[in-house]
Amino acid sequence: MTAQIIDGKAIAATIRGEIKAEVDDMRAKTGKVPGLAAVLVGDRKDSQTYVRMKKRACEEVGITSFGYDLPGDISQEELLKVVQELNDNPDVHGILVQLPLPKHINEEEVLAAISIEKDVDGFHPLNIGRLSMKGRDPLFVPCTPKGVIELLDRSGVTIEGKNAVVLGRSNIVGLPVAMLLLHRNATLTICHSRTPDIPAVTRNADILIAAVGRAEMVKGDWIKPGAAVIDVGVNAVDDPTAKKGYRLVGDVDFDSAKEVAGKLTPVPGGVGPMTIAMLLRNTMDGAKRAYGLS
Ligand code: NAP
């Protein structure tokens, strides 16, 4: 069997097109467009790149982006003041504080200070709390986990009643994606670094989500024939033949997995593009709520 490759790039482009049409519709109805504030603290190159990509994606669909580049030695109080100003700004519908924050900043306090109506990353404890409870809807779901579910849905994978296995239990990926699968009535197993014999567990998975950050850990013989496999991992491995001296691989060994899986995401070009598309989706949804359009 050769897996159908799930093209995250193409699916994300379709979603961006849908959001652009909604922005045009909002502008026509209200004269307003959604606004996203991206708060960057310090000068980490990777964070600068992520924020730049997010701002560019906003511009492409007509969402206004507000950039806040703050010095790395900003105090907790000053940063909280910026967050409060953004909470009060009616043109801002989403607030994104790029993580990680410098060590002297209390990240938990900053994330909790974001209004839950503008918490487009979905990391506010109330949104995460609602996500973790039966019958409670969070206002926003974290972007990468939301993107994973969207990939499954748009690839025609039925979640209800299926055995789903999530590798990893982090706050930003593993745990929320597991909650989403449970809400969609999958029968769920979560594996982590203390789980013995992970291959024995994954071989029963109709849906396998890998989010461990271990290059090519999941081999083809860990996978149930025909399973849908979503690879969240992004790992740099040395490659002297590559221009940069390294290449990016997932948590799944793509070559052996594609011979067994029914559907499989590549890295890059799978989950990655979906994360930004879901940030735009969340910002749009926040703006619709603010303008009474949802
Ligand atoms: P993380 O915070 O480091 O969490 C990794 C999880 O995997 C932990 O729960 C850990 O278990 C588990 N784990 C680690 N080694 C393991 C092993 N050998 N066997 C079983 N479980 C193991 O990582 P993360 O932030 O969730 O990210 C996971 C991966 O996704 C990374 O490669 C990251 O770059 C990628 N990512 C991609 C996107 C995207 O947009 N594509 C977004 C976010 C993250 P314990 O809890 O027991 O320590």
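Please read these numbers as outputs of a predicted model, since none were measured by experiment. Numbers for residues simply follow the sequence, beginning at 1. We count ligands from 1, going down the list as the structure has it; atoms in each ligand are counted the same way.
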Test salt bridge (charged side-chain N to carboxylate O under 4.0 Å, His left out) applied to E150 and R281, step by step: CA-CA 11 Å; E150 197 75 32; R281 173 82 267 158; over 6 Å; no
Could you tell me whether M274 approaches ligand 1 through its side chain, its backbone, both or neither, with non-hydrogen atoms closer than 4.0 Å? neither
Nearest protein heavy atom with distance in Å, relative to atom 42 (C) of ligand 1: T144 OG1, 3.4 Å
I'd like to know whether ligand 1 has V232 as a neighbour, heavy-atom separation below 4.0 Å. yes
Indicate whether any N or O donor in one side chain lies under 3.5 Å from an N or O acceptor in the other, for T49 and D46. no
Applying salt bridge (charged side-chain N to carboxylate O under 4.0 Å, His left out), run through D255 and K219 and close with a yes or a no. CA-CA 9 Å; D255 288 340; K219 308 295 179 198; over 6 Å; no
If we only count N/O pairs under 3.5 Å, is D251 in contact with ligand 1? no
For a side-chain contact (heavy atoms from CB on, under 4.5 Å) with R130, tell me which candidate from V141, I116, D137 qualifies. I116
Between N204 and N163, do the side chains contain an N or O donor and an N or O acceptor separated by less than 3.5 Å? no
Check whether any heavy atom of A211 sits under 4.0 Å from an atom of ligand 1. yes
Can you name the atoms of ligand 1, numbered from 1 with element, that are less than 4.0 Å from a heavy atom of I172? 25 (O)
Applying a strict 4.0 Å limit to heavy atoms, is M217 in contact with ligand 1? yes
Mark yes when over 12 heavy atoms from residues, nucleotides or ligands other than K55 sit less than 6.0 Å from its NZ; otherwise mark no. yes
With heavy-atom distances below 4.0 Å as the criterion, list the atoms of ligand 1 near V173. 26 (O), 43 (C), 44 (C)
Tell me whether R289 at atom CZ has more than 12 heavy atoms from other residues, nucleotides or ligands lying less than 6.0 Å away. yes
Which Ile, Leu, Val, Met, Phe, Trp or Tyr residues join V165 in one cluster when any pair of side-chain heavy atoms under 4.5 Å counts as a link? I5, L167, I198, V201, L208, V212, M217, V218, W222, I223, V229, V252, F254, V260, L264
What pairs with D197 under side-chain contact (heavy atoms from CB on, under 4.5 Å), at least two apart in sequence or on another chain? P199, A200
Structural part of V212 in contact with ligand 1, heavy atom criterion under 4.0 angstrom: both
For atom 15 (N) of ligand 1, decide whether some protein heavy-atom distance is shorter than 4.0 Å. yes
Just jot down the ligand 1 atoms closer than 4.0 angstrom to any heavy atom of G168, in number order. 6 (C), 7 (O), 9 (O)
Show me which atoms of ligand 1 lie under 4.0 Å from any heavy atom of N235. 32 (O)
Any atom of ligand 1 sitting under 4.0 Å from a heavy atom of G272? yes
Per-atom contacts, ligand 1 versus I198 - under 4.0 Å to a heavy atom: 19 (N), 20 (C)
